[in-house]
Each structure stands twice: as structure tokens, then as C-alpha cells.
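Residue numbers start from 1 in every chain, and the chains themselves are labelled A, B, ... in the order their sequence lines are given, proteins ahead of strands. The figures here come from the full heavy-atom set of this structure, side chains too, leaving out hydrogens, waters and symmetry mates.
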Amino acid sequence: MPRRFLVTAGLPYSNGRLHVGHVAGAYLPADIFARFQRARGNEVCFVCGSDDHGVASLMKAREEGVPVEELVGRYNRLQEEDFGGLGIEFDIYGGTHRPEFLETHTRFSQSMFRRVHDNGYFVKRTTKQLYDVEADQFLPDRYVEGTCPKCGNEDAHGDQCDNCGSTYDQIELENPRSTITGTTPELRETTHWHLSLDRFQEPLREWLETKREPHGDQPAWRPTVLNFVLGQIKGGLPERAMTRDLHWGIPVPLEDPDAEGKVMYVWFDAPIGYISFTAELMKRQGNEADYERWWKSEDSEIVHFIGEDNTVFHALVFPAMLMAEGTYQLPSQVVSNSYLNINFGGEEQKISKSRGNAVWVGEYLQDFDPDPLRYYLTAVAPETSRTAFDLADFVQRNNSELLGALGNFVNRVLTFTRRFFDGVVPPVGTRDEADAAQIAAIARAQTAIAENLDAHRYKAALGELMALSREANVYFNEKEPWALRKTDPEAAGTVLNVCVQTVWSLAVLMSPFLPFSAARIRTMLERPEGDWVWDSATEELPAGSPIGEPVLLFRQYELESEDDSAE
RNA sequence: GCCGGCGUAGCUCAGUUGGUAAGAGCGCAGGAUUCAUAACCCUGAGGUCGGUGGUUCAAUUCCACCCGCCGGCACCA
């Protein structure tokens, strides 16, 4: 009985290009998981898209002097391009404000909002907030500066003073000014709908506690995720406003006059994007209502891949929303990675645009192939703690591991076969103990990789793949087919037969991680194209199968001068 | 301050339920080989498993305390 996985990767803000940190955190492991489960014969729906309603996008559009729709549309496409270039293949890539998705997304978001409202989980509260008359909007803390009420620093932020470190409410700020227009904002009353997270503390806690151990077919959640959110619950969950006074977002669908001109909080509508994009995909396939098979059917497993900064929303707020709505099932798994830092100038730093240390996907792809990056980011994946991207390390691992161990084995086997065995798979002949051991190693690696991937241990799974290629190199060396072919050609043929089987297996087993290279091997072995089938890793190619012109899988990289290393 | 994570060979890190598991990869050194992208293969590191106590017949693996890094404690996502 095949399983069914609805896989999501955290929606990126459509206000910038993607860098390696984004990829390592959510998208690459999600893609590997989706590819793997598909190869296993499971049904997979892999959904992503951009989160277009972020305030950051609004600010950026204002900076650039372009309409925000234009800005998010542009980055939505650029991000989709970056993903495509890396072989991260979603079944659908939407956008919460992408024109073709807007109607569906609005409908789903408003429906969710209304149901949560009707079920009584919103609390309406009126508070005072700063209002920029000229910009005609209320000001989030980010948009206010002024004089710190504690220390007198004149450039204090709306909620916190960088000078003395104290925090306060924005209305306590002296001489407040809007960072949008520079004008002095006035105090106005505003009403918002708050989600009563406190009412879900106990249900959330009980639900999360069950994730400490494997449940059903799902492995336990990563302790870092559970520790963090259970800690939050222990400290008490606050009410959170789910509406905003902005002109950018999904309109609040209530009849209430106080709801006039308000939009949903971006984190309310963003996760609904996962659902609305799924619905849009189903609509294109014929029947929108099929989204329920993925989101409301208990035999569907929902797996969210996110960066650590999204943990609260995917493990607490969104589940609480779903509980409040009442008809959805909760996620089976939230796979959260830590941040990927970057080694830059001999120092480990956070990746940040302003520091100019980011390695951008788009720029990377101009000079390098996608698979080496997929390999490296998986090898150093921040699964349990923060790790760092290091260009020298990347080059090193590409050359010594990817090329030296894996690429070299494939290449030596195929060129050898072409040269000495007429370019076809030699007969099996009689396998001795060592030959059988090598064949057995394939099945062992296949199992080990599968177990690790099922458990979301990508780094370990990749390690098993590399271990197989190393074993294969050792086997080849010990058999010395270059000498054996002169004394016992038939035995040499047996060795190469085993080696070709191993090459094929490597292709199947690497396909979730290194899809481009796997496809190249498939071409060289003249196997039919199509979906990868995990079980075919142990299906042997018949003797006499042709072997095409060998193509190098990986290139040797050199570390160039530091300047262009990470621009 | 409170909460969480981390501290294992030169480097990057694995170590599941406590007892011949103190390991891998890389780097480095020596050797071997030629099928292969100066790739591959073999051998070598004697590392107080951050520190100090404790539990135990036995702890890197459990407990306490301490030291050192990192992160979270915002109407920020």
C-alpha cells in the first residue's frame, strides 16, 4: 500500500533572490525527500510558492519605487528560476499574490478566517497605535523611530532601544517619527482580531508530546523543534493579532464595520498558501476538491520543511489555526533545520545581504553545476546545529569526494568496459566471494539510505551513498581487472559486470540527491528515461546491454582569488 | 537573568538504549598501482571524548556543579 505525502517547503518572501542558506534549510531536503518517496512508489505532492504579503516586500517596493505587485511578481519568477536551476522540482510553485493563484488563495484564506471566527477563537481588541497620516496607515514597530524613553537615544526603534537595550511600547517613544514619510505620527485607536492561542496550549502540548516518539510510519520529530515549541507552551502562549492595518494582504472577510480596510496578518494567510496552491494544482488537474485528499484525509502525511525561524508558525500557530478551523488534519512532521552560516574572510558569519557575504543561487549557477551544491549543502546540512558554508570546503569536497570517490568510480568502470569489453555489459560468469560481497553491499546501502531518508537524516543518508562508492573503488582495486583481463578474461568480465551493476545502483540511489548526475549515468547506460524506481537499484542489467560514450559527471574546481568567491 | 543547543584526532564532524566503538571523511606523511578527471588503493595520528565531583562492577554515553562558545526570550519573520 503506497503512502501519500503532502510535502511543503517554507514559502520564501518574494523580496529577494535565494542564497545557499535558504536552499540548505528547507528546499533541498524537501526536494530530496520528495524525490525519494516518489522513487519508492509513494504518491507525493510537493508544494511551494512565495509569500507575497510580507511587510518586508512592501518596504522594498517602496524603496525601489515600484508597485508591490510588480516587485513580488518579479521575485516570484526569479526564485522559481533559481529553484529550477538547482533541480528543486515542485509539483506546483504558487504565490500568495500571484495572479493565477490570487482568487483561490483569497477564497481559502477568507474561508479559514471566517471559520475560525465563527468557531469563536478570535478575540476582538481595540488598542492605540501610531498612525502616519501622510502614508495613510498604522505603523508597525519597524516603521517608527524616536527618542528612547529610558536613555534619551534619539534613534531608538519602535519597540526597543539599541543603545540601552530596553524595550517598551511604541507609544512610549518620545518624538516619534514615521520611517516611511518622516512625519510625526498621531495616536489612533484600532481594532484587531487576536487568535486565542492560550486556548490551544493543552491540545498543542498533548499533540506535540506524541511526536517525541515514532508515531505510525513517522519518525520522532527532531528534539530541537520539540524542545523549542514545548518550551514556548510552558512559558504560556499569548494572544496574537491576526489582522493588520495595511493595504497589502488578504482582506478580512467579516461584516463587522471595524474590519473595514483591514487585511490578514501575513502569517495567517501564508501557511494557507500550502493549501490553496494544492487546490489550484488539483483544479488544473481537473477537480479542486481533490485537495481534501491531501489535507483532510488521514492516510495523507503532511510534512513541512522549514528553516528554524519558522518553527513557531509551523509547529504552534498554524496547527492552532487548523484546530480552530476544525476540518483539517495536523502536520505529521515538521522538519526544521538550523541556520547555515558562512565562512567569510576566515570568520564564521550569519548570511546577510547587508554584509554582502551571501552566496546567491543564481550567481552560483553561472559558474558551477547544480549537483555539487546539492551534494555540499547536504553534506554540511545544519540538521542538529548551525553549520557553515565554506567555499574552500565546497571545492575540496567536490574534488575529493564527489569527483574522487563517486565520479571516478563511474568513469573508470565505464571507460574500462568500453575499451576492453566491446562497450557492453560482460557476462556474469562465476562470482566469487568478493564479487558477491560487492553485490551485497549495494542492497545494504540501499536499505541504509532509505532508513536514513525516512528518518530525515539526509547527511547520514548521503554518507551511506559515498561509502558505497568507496567500497566499490576498493573492490575494483583489489580485483585488479586491468591485470586479470590478461590472465583470466572471463573473471575480469565478472568483475566489470559487478562494477557496472554498482554504477547503475549508484545512479538510482543518488537520484534523490544528485538528479542531474543520475540522469547522465542513465543515459550512458542507455536505460530508458522516466521516473526513478528505488527498487530497481538491485535489478541487474543483463549481459550484453550497451554502454554509451562515458561523460564526466563532475568537474575539478579550483579555488579562485578570494574576491569573486562569494560576491 | 531565564530557556535551549553545543564543546570528541590538525580541520569538519558520527557516536542509537552506559561495558573490546573511541570512530569516519578531509588534510598531512610514507608506500603501492595504472582501468580512471595527478584520480584510485594500502599504512600511520597514540586524541585526558571542555573541567570537577557523583551514581555504577563499568561512563564520552546517566546526575550535579563549573568554564567556554552560539542561539531564543519583539505587534521579526
By nearest-heavy-atom nucleotide on RNA chain B, the more 5' of A:E478 and A:F420 is A:F420
Answer with base, sugar-phosphate or nothing: what part of the nucleic acid does A:E308 contact at a heavy-atom distance below 4.0 Å?
nothing
Report task. Rounded to whole angstrom, note down the P distance from B:C28 over to B:C40. Result -> 12 Å
Which part of the nucleic acid, if any, lies within reach of A:T127 when heavy atoms closer than 4.0 Å are counted: base, sugar-phosphate only, or nothing?
nothing
From CD of A:Q556 across to C1' of B:C40 the rounded distance in Å is 13 Å
Here the distance between atom C1' of B:A38 and atom CD of A:E558, to the nearest Å, is 12 Å
Taking A:R555 first and then A:D367, would you say they form a salt bridge - that is, a charged N and a carboxylate O separated by under 4.0 Å?
no
Ranking B:C26, B:C41, B:A36 by distance to the side chain of A:N408, first place goes to B:A36
- [ ] Taking atom C1' in both B:U48 and B:G7, compute the distance separating them and give it to the nearest angstrom.
- [x] 15 Å
key: B:G27 and B:C11, which share atom name C1', separated by this distance in whole Å   = 7 Å
Out of B:G25, B:A77, B:U37, minimum distance to the side chain of A:D51 belongs to B:A77
Any strand, both distances under 3.5 Å, Watson-Crick or G-U wobble: B:A38 pairs with none
Rounded to whole Å, the CD-P distance (A:E464 to B:G15) equals 12 Å
Of A:L403, A:N411, A:N399, the one forming a side chain to side chain contact (heavy atoms under 4.5 Å, CB included) with A:F554 is A:L403
Taken to the nearest whole Å, OH/A:Y557 to C1'/B:A38 is 19 Å
(Q) Using atom C1' in both nucleotides, what's the gap between B:G15 and B:U8 to the nearest angstrom? (A) 9 Å
Of the candidates B:C26, B:C42, B:C35, the side chain of A:V474 sits closest to B:C42
Here the distance between atom C1' of B:C75 and atom OH of A:Y131, to the nearest Å, is 18 Å
Distance between C1' atoms of B:U34 and B:C42 (Å, rounded):
15 Å
Checklist entry - Under 4.0 Å between a side-chain N/O of A:N227 and OP1 or OP2 of B:G5, yes or no? => result yes
Checking B:A77, B:A39, B:C35 against the side chain of A:V266 (C-beta onward), the nearest is B:A77
Taking a pair to mean Watson-Crick or G-U wobble geometry with both distances below 3.5 Å, B:U60 pairs with none
Against the side chain of A:R419, the closest entry in B:C35, B:C40, B:G25 is B:C35
Open item on the list: Please check this pair: side chain of A:Q333 against backbone of A:P219, looking for a donor-acceptor N/O pair closer than 3.5 Å.
Closed with: yes
*Looking for any heavy atom pair under 4.0 Å, which part of the strands does A:D309 touch: base, sugar-phosphate only, or nothing?*
base
- Side-chain contact, heavy-atom cut-off 4.5 Å: A:I32 with A:R374? yes
Margin query: Please give the distance between the C1' atoms of B:U55 and B:C13 as a whole number of Å.
Written below: 30 Å
Under 4.0 angstrom, heavy atoms only, what part of the nucleic acid is A:R240 near: base, sugar-phosphate, or nothing?
-> nothing
Could you check whether A:N473 gets within reach of a base, just the sugar-phosphate, or nothing at all, counting any heavy atom under 4.0 Å?
sugar-phosphate
Taken to the nearest whole Å, CZ/A:F416 to P/B:C35 is 7 Å
Taking only the P atom of each, what is the distance from B:G47 to B:A22 in whole angstrom? 15 Å
Within the structure provided, determine whether A:Y376 and A:P372 are in side-chain contact (heavy-atom separation under 4.5 Å). no
- request: Could you check whether A:Y265 gets within reach of a base, just the sugar-phosphate, or nothing at all, counting any heavy atom under 4.0 Å?
  value: sugar-phosphate
Go through it in stages, so that I can follow the logic: the residues are A:F138 and A:H192, the test is ring pair (Phe, Tyr, Trp, His ring centres under 6.0 Å), and I'd like the CA-CA distance, side-chain angles, deciding distance and then a yes or no.
CA-CA 12 Å; A:F138 281 94; A:H192 286 293; 7.3 Å; no
> At under 4.0 Å between heavy atoms, what does A:L496 touch on the DNA or RNA strands: base, sugar-phosphate, or nothing?
Replying inline: nothing
Requested in this report: Output yes when at least one side-chain N/O atom of A:Q129 is less than 4.0 Å from OP1 or OP2 of B:C75, else no.
Outcome: no
Looking at every strand, decide which applies to A:T415 at a 4.0 Å heavy-atom threshold: base, sugar-phosphate, or nothing. sugar-phosphate
From CE of A:M466 across to C1' of B:A24 the rounded distance in Å is 13 Å
From CZ of A:R470 across to P of B:C40 the rounded distance in Å is 10 Å
*Answer yes or no for this row: A:W482 ring on B:C35 base, centroids under 5.5 Å, planes under 30°.*
yes
Result for ring pair (Phe, Tyr, Trp, His ring centres under 6.0 Å) between A:H53 and one of A:Y265, A:W248, A:W267 points to A:W248
Per nearest nucleotide of RNA chain B, the residue lying toward the 5' end, A:Q232 or A:T224, is A:T224
Exercise. Does the A:N227 side chain pair with the main chain of A:T224, one donor and one acceptor, at a distance under 3.5 Å?
Worked result: no
Paired to B:A24 by Watson-Crick or G-U wobble criteria (both distances under 3.5 Å) is B:U12
Can you tell whether the side chains of A:R418 and A:E549 come within less than 4.0 Å, N to carboxylate O?
yes
Heavy atoms only, 4.0 Å cut-off, all strands: where does A:F313 land among base, sugar-phosphate and nothing? base
Look at A:T384 and B:A14 and indicate whether a side-chain polar atom (N or O) is within less than 4.0 Å of OP1 or OP2. yes
Report task. Using a 4.0 Å heavy-atom cut-off across all strands, classify A:G231 as base, sugar-phosphate, or nothing. Result -> nothing
Paired to B:G4 by Watson-Crick or G-U wobble criteria (both distances under 3.5 Å) is B:C70
pair_partner(B:C65), Watson-Crick or wobble, both distances < 3.5 Å, evaluates to B:G51
Legend entry - Whole-angstrom distance between B:A9 and B:G18, as gauged at atom P: 24 Å
